[in-house]
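Worksheet: one structure, shown below.
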Amino acid sequence: MFDDLTDRIYEAAFVPDLWAGALEAASELSSSADGAIFLFSDGSPVRGRLSDESPGHGNSLETVRSLFDEFIAGDSWKFSDAIQRMCSLQPASFVQVEDFLTADELEHDPVRIQLRAAGIGAHICSAVAMPSGELVTFVFQRWTRDGTYDQTSIDRLDQLRPHFSRAGLVSARLGMEQAKASVSALEALGLPAAVMTASGRVLTANVLLENMPSVFIAAAHGGMALADVSANELFRQAITHNLQDRVVRSIPIPARGRPTGVGHSSPAAAPCRA
């Protein structure tokens, strides 16, 4: 069973829809109510996958799935001590989240309040930092009636952690290759292009863009700016507003001694595929 599960984890790296089945199998192995993978990236909305539903859980797990969908769509994670603590700690093995929180933090954590109402209690978490800057976390949780995690269950998931980690890295690499392919395709069409994170950090750019230093200039923290001040202000606004409305924006770039043109800011999927 263990070998079959590791195969499923690696398959999920290439086919993200398979994460649900792999996480469900890992949940059964650790006597968890469910398992999830989350991707945190530069202030972008959280992305993630939840395990498949197990038979017999009925409406309880449907409620958990509804909370998961609400969590992905919102920003409650920013106000959760539990989530912020794990993102800061980035545990290299599975740890019981409750061990790193005070009783008061647990009681008032908005995410944990909702989960307790749905019957969810103990959590364990491990994290993997991606070379591209994203953080992937693997989280498993138990029904309140099942108590805390025993060391045997944690050890079982720790045996899987190297495979979770490598699968996450493969997924990130595939995402980067997809980003590079996109800017290369635009280069073939004669269009300068770059793929950026939600905070404005450049992940990859094509040669056409790199060869236009009078228009596109390097900025702090791996960012990019437009040389024209007024155009750059519109460019910064486009990056900021993309987090809310995710629409395509066109930015006029006046000549003023430089090549004139129109820049387009288009939202795209994050390069790490969760």
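For the numbers below, each heavy atom of this structure counts, side chains included, while hydrogens, waters and symmetry mates do not. Please read all numbers here as calculations on a predicted model, not as lab measurements.
With contacts defined as side-chain heavy-atom distances shorter than 4.5 Å, the pair Asp34/Phe140 does not qualify. With a 4.5 Å cut-off on side-chain heavy atoms, Leu135 and Gln90 count as touching. Between Val195 and Val183, the closest side-chain pair of non-hydrogen atoms falls below 4.5 Å. You'll find the side chain of Ile83 stays beyond 4.5 Å of the side chain of Lys78, heavy atoms only. Residues Ser126 and Phe164 form no side-chain contact, since every pair of their non-hydrogen atoms from C-beta on lies 4.5 Å or further apart. Within the 4.5 Å cutoff, no side-chain heavy atoms of Glu98 are placed close to those of Thr148. Using a 4.5 Å heavy-atom cutoff, the side chains of Met86 and Val95 are in contact. Inter-residue side-chain proximity for Ile37 and Leu23 is flagged as met; some heavy-atom pair is nearer than 4.5 Å.
The two atoms that bring Trp143 and Ala118 nearest to each other are CZ3-O, 3.6 Å, heavy atoms only. Looking at every heavy atom in both residues, Leu226 comes nearest to Ala231 through CD1-O, 3.6 Å. The two residues Ile72 and Val46 come nearest to each other via the heavy atoms CG2-O, 3.4 Å.
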Candidate pair Arg49 and Asp17, rule salt bridge (Lys or Arg N to Asp or Glu O under 4.0 Å), full reasoning:
CA-CA 8 Å; Arg49 302 274 176 164; Asp17 286 343; 2.6 Å; yes
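Distance check: Ser30 OG to Leu160 CG gives 8.5 Å after rounding to the nearest 0.5 Å.
Two rings, from Phe235 and Phe216, have their centers 6.0 Å or more apart. Phe40 and Trp77 have their aromatic ring centers within a separation under 6.0 angstrom.
Between His163 and Tyr10, the ring-plane angle classifies as perpendicular under the 30° and 60° cut-offs.
Taking the ring centre of Tyr149 as origin, the terminal cationic atom of Arg142 falls inside the region bounded by 6.0 Å and 45° from the ring axis.
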